[in-house]
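Below: one structure, written as structure tokens.
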Amino acid sequence: MTSFIDPKTLKSWLHDGGEIALLDVREHGQYGEAHLFYGIPLPFSRLELDAPRLVPRRSLRAVVYDDGDCDVAERAARRLAALGYTGVHVLQGGTRAWKIAGHALFAGVNLPSKTFGELAEEAYHTPRVSADQLAEMLGRKEKVVVLDGRPVSEFHKMNIPTATCCPNGELAYRVRRLVPDTTTPIVINCAGRTRSIIGAQTLINLGLPNPVYALENGTQGWYLNDHALEHGGTRRYAADSGNTDLRPAAKALAERFGVPTVSAQTVRQWAGDASRTLFLCDVRTPEEFAAGTLPGAQHTPGGQLMQAGDQYVGVRGARLVLFDNDGVRAPTIAHWLRQMGHEASVLEGGLASGLSLAPAAAPAAPALSTIDAQALSARLAQGDVALVDLRPSMQFRAGHIPQARWSIRPRLADDLKNETRQLVLVADDDALAAWAAASELAGLSHAPLLLAGGMAAWRGAGLPVEATPALPTDADCIDYLFFVHDRHDGNKEAARCYLAWETGLVAQLDAQERSAFRLPVASESPHA
């Protein structure tokens with residue numbers, strides 16, 4: 001039986017000091033338009049795939065919600081119960097009731113991290129340069145190094161001329177090789193504001209002697225001031241650029257902010273504590289993680305753990321244990337996580353600690369029978385199958401199999417309620433399609449089939465693909481966030497709106513949300 005709670009109860013739970021998972025089970029576009037500050041995105045379409053990773057402890061107190069005008073939260077609660085979660089509640093009335101109760105709803109994504117960046121600038125008075133100032137420095141061929149604190153994939157989309165990609169989580173480990181001269185000014189940028197601020201302040205907090213600045217408003221500020229961006233950039237830190245020169249500074253910084261160093265034995269004990277949730281976080285690069293990590297660890301690149309932690313950690317109040325193999329990255333990142341309000345620790349010995357934990361148990365996806373591309377083509381010609389494409393809506397618009405219709409798990413049963421033909425599903429992820437079919441299409445006289453190899457196999461067979469740029473309609477694309485979506489594609493007004501949104505986040509906080517952060521006052525800020 002579904003358990004419901006009201007907004008007043010949820011608000012008290014969010015601030016009572018206990019662990020809680022607040023899960024927004026709507027699709028990404030719906031979530032990004034208006035959600036609770038601490039809401040973790042867990043789309044119903046990916047529930048079984050992502051829940052065990054985001055919420056590994058099944059007895060945890062959890063609350064799921066939707067907009068209050070549909071039944072997705074109740075359906076998600078039943079699915080979570082079927083997976084063994086025993087403490088699941090539904091927010092009665094969803095976001096609608098939350099707003100009526102007088103609480104704010106937030107647009108955008110990664111809210112706590114972005115809001116923290118604005119608060120950090122306020123607390124530390126992080127030095128900054130404007131786009132015009134940096135353009136003048138570069139134009140005069142001044143000795144200045146621009147480091148882009150975003151992941152490589154984001155850097156590739158657009159970058160400031162001369163910039164080198166060095167994600168924020170790597171800065172402490174690589175800056176001395178990238179900028180060996182201690183007098184050279186360093187400018188950190190991102191696409192907007194927060195990663196520029198956090199990246200620059202990271203180096204300042206570590207006591208780097210160089211002049212360090214955040215680029216005001218990042219690549220968007222650069223573009224808004226009519227400076228040309230580069231696209232397709234590949235300049236990045238070298239694989240051998242890491243060094244441990246800043247290890248003593250990182251250790252001192254962690255100690256200053258109360259980051260404990262914990263032994264492998266302690267972490268094993270924590271893993272056995274049925275009343276608490278533990279996340280073991282490898283903060284190194286994707287390449288390092290792929291080459292070998294500790295059993296039971298998840299890859300949480302340091303910069304992204306700070307900037308987009310809700311993609312890796314779904315439990316407010318959980319224990320986070322960070323590790324590296326250098327003694328620089330993990331303590332540096334942990335000092336920020338502590339200020340964000342997380343219970344973050346550093347694993348003594350890091351990769352060499354010998355720690356081994358059992359990985360989070362993920363349920364096996366149900367089996368679906370498959371059909372190959374040529375056989376599907378023949379059956380489509382006969383007209384005896386209905387083809388349903390479960391890939392992201394923008395991928396469907398860009399190219400899909402003729403006769404296919406787009407759908408998504410929350411709407412799948414309604415979309416197909418009058419369909420009597422054999423169903424064939426197309427998906428990028430076989431498990432996503434299998435879970436959707438199991439929960440939404442049970443009881444059909446003919447079990448759905450899955451296109452073996454997906455669209456790649458269809459294209460590989462030389463079969464036709466068509467594009468429908470206006471279908472599904474924008475209103476139907478609940479998985480796509482249109483919120484200032486074209487701010488990087490030549491729309492200056494969208495960029496202005498995005499920057500206004502970032503700078504306006506702090507004003508939306510209530511007193512409890514703001515007090516959950518643990519930033520120092522300016523007089524206590526190291527190198528403020």
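Bear in mind that the values here come from a model prediction, so they are computed numbers and not experimental data.
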Check ion pair Glu493-Arg496 (N to O, under 4.0 angstrom): yes
With Arg176, the side chain to side chain donor-acceptor pair (under 3.5 Å) member among Asn210, Asp181, Thr182: Asn210
Can you list, pair by pair, the side-chain donor-acceptor contacts under 3.5 Å of residues 167-175, counting residues two or more places apart and other chains?
residue	atom	partner	partner atom	Å
Asn168	ND2	Arg195	O	2.9
Glu170	OE1	Arg174	NE	2.7
Glu170	OE1	Arg174	NH2	3.1
Glu170	OE1	Arg329	NH1	3.0
Glu170	OE2	Arg329	NH1	3.2
Arg174	NH1	Ala238	O	3.4
Arg174	NH1	Ser241	OG	3.0

Interatomic distance, Arg514 atom CZ to Leu519 atom CG [nearest 0.5 angstrom]: 9.0 Å
Taking every non-hydrogen atom, the tightest pair across Thr183 and Pro211: O-CD, 3.7 Å
Sub-6.0 Å ring centroid separation between Phe116 and Trp336: yes
Heavy-atom side-chain contact between Glu33 and Leu481 under 4.5 Å: yes
Heavy-atom pair of closest approach, residues Gly327 and Ala250: O-CB, 4.1 Å
Worked check of side chain to side chain contact (heavy atoms under 4.5 Å, CB included) between Trp406 and Ser393: CA-CA 7 Å; Trp406 183 79; Ser393 56; 3.6 Å; yes
Side-chain donor or acceptor of His231 paired with backbone N/O of Lys157 under 3.5 Å: yes
Atom pair CG/CG of Leu390 and Leu451 - distance to nearest 0.5 Å: 11.5 Å
Minimum-distance pair of heavy atoms, taken over all atoms of Leu60 and Ala21: CD2-CB, 3.4 Å
Spacing of Phe323 atom CZ and Leu280 atom CG [to the nearest 0.5 Å]: 5.0 Å
Within 6.0 Å of NZ in Lys143, more than 12 heavy atoms from elsewhere: yes
Nearest atoms (heavy-atom pairs only) where Ser196 meets Cys190: OG-N, 2.8 Å
Side chain to side chain contact (heavy atoms under 4.5 Å, CB included) evaluation trace for Val465 with Ile401: CA-CA 5 Å; Val465 173; Ile401 299 171; 5.7 Å; no
CG-CG distance between Leu450 and Leu425, expressed to the nearest 0.5 angstrom: 6.5 Å
Within-4.5 Å side-chain heavy-atom neighbours: Val145 and Val187: no
Any donor-acceptor pair under 3.5 Å from Asp476 side chain to Pro472 backbone: no
Mutual orientation of the aromatic rings belonging to Trp222 and His227 [parallel < 30°, tilted 30-60°, perpendicular > 60°]: tilted
Separation between CH2 of Trp270 and CG of Leu357, rounded to the nearest 0.5 Å: 11.5 Å
Distance-only donor-acceptor check, side chains Thr126 and Gln201, under 3.5 Å: yes
Flag for Thr285-Glu288: side-chain donor and acceptor within less than 3.5 Å: yes
Glu230/Arg235 salt bridge by N-O under 4.0 Å criterion: yes
Donor + acceptor pair across side chains of Asn205, Thr202 (<3.5 Å): no
Min side-chain heavy-atom separation Thr370-Asp430 under 4.5 Å: no
Ile333 vs Leu337 side-chain heavy atoms within contact, under 4.5 Å: yes
Audit row: Val267, Leu278, side chain to side chain contact (heavy atoms under 4.5 Å, CB included) steps and yes/no: CA-CA 9 Å; Val267 179; Leu278 173 68; 3.9 Å; yes
Side chain proximity check, Leu294 to Asp282, heavy atoms < 4.5 angstrom: no
Flag for Asn159-Asp148: side-chain donor and acceptor within less than 3.5 Å: no
Close side-chain approach of Leu208 to Ile186, heavy-atom, < 4.5 Å: yes
Gap between atom CZ of Arg128 and atom CD1 of Ile197 - 0.5 Å precision: 8.0 Å
Any Phe257 side-chain heavy atom under 4.5 Å of Pro520 side chain: yes
His299, NE2 atom: more than 12 neighbouring heavy atoms under 6.0 Å: yes
Exam field: side chain Arg46 to backbone Asp50, donor-acceptor pair closer than 3.5 Å: no
Ser45 and its side chain to side chain donor-acceptor pair (under 3.5 Å) partner, picked from His28, Glu27, Arg26: Glu27
Side-chain donor or acceptor of Arg140 paired with backbone N/O of Ala135 under 3.5 Å: no
Ser113 side chain to Gln307 backbone, donor-acceptor under 3.5 Å: yes
Geometric class of the Phe517/Phe37 ring pair [parallel <30°, tilted 30-60°, perpendicular >60°]: perpendicular
Cation-pi geometry met for Arg409 and Phe44 (6.0 Å, 45°): yes
Cation over ring face, Arg316 and Tyr38, 6.0 Å, 45°: yes
Expected output: side-chain His335 to main-chain Thr332 donor-acceptor under 3.5 Å: yes
Salt bridge Arg397-Asp474, side-chain N to carboxylate O under 4.0 Å: yes
Mutual orientation of the aromatic rings belonging to Phe396 and His400 [parallel < 30°, tilted 30-60°, perpendicular > 60°]: parallel
Shortest non-hydrogen separation from Trp501 to Gly108 and the atoms involved: CZ2-CA, 3.7 Å
Main-chain N/O of Pro301 paired with Arg284 side-chain donor or acceptor, under 3.5 Å: no
Minimal non-hydrogen separation, Val328 against Asn243, with atom names: CG2-O, 4.3 Å
Gln133 (side chain) donor-acceptor with Ser130 (main chain) under 3.5 angstrom: yes
Review item, side-chain donor-acceptor pairs of residues 341-354, under 3.5 Å, at least two apart:
residue	atom	partner	partner atom	Å
Glu343	OE1	Arg276	NH2	3.0
Ser353	OG	Gly350	O	2.9
Ser353	OG	Leu355	N	3.3

Trace of the side chain to side chain contact (heavy atoms under 4.5 Å, CB included) decision for Leu83 with Leu47: CA-CA 10 Å; Leu83 294 177; Leu47 186 140; 3.9 Å; yes
Side-chain (Asn217) to main-chain (Gln220) donor-acceptor, under 3.5 angstrom: no
Salt-bridge contact Glu216-Arg193 (side-chain N to carboxylate O under 4.0 Å): no
Val313 side chain reached by Leu320 side chain, heavy atoms, under 4.5 Å: yes
Any donor-acceptor pair under 3.5 Å from Gln298 side chain to Phe279 backbone: no
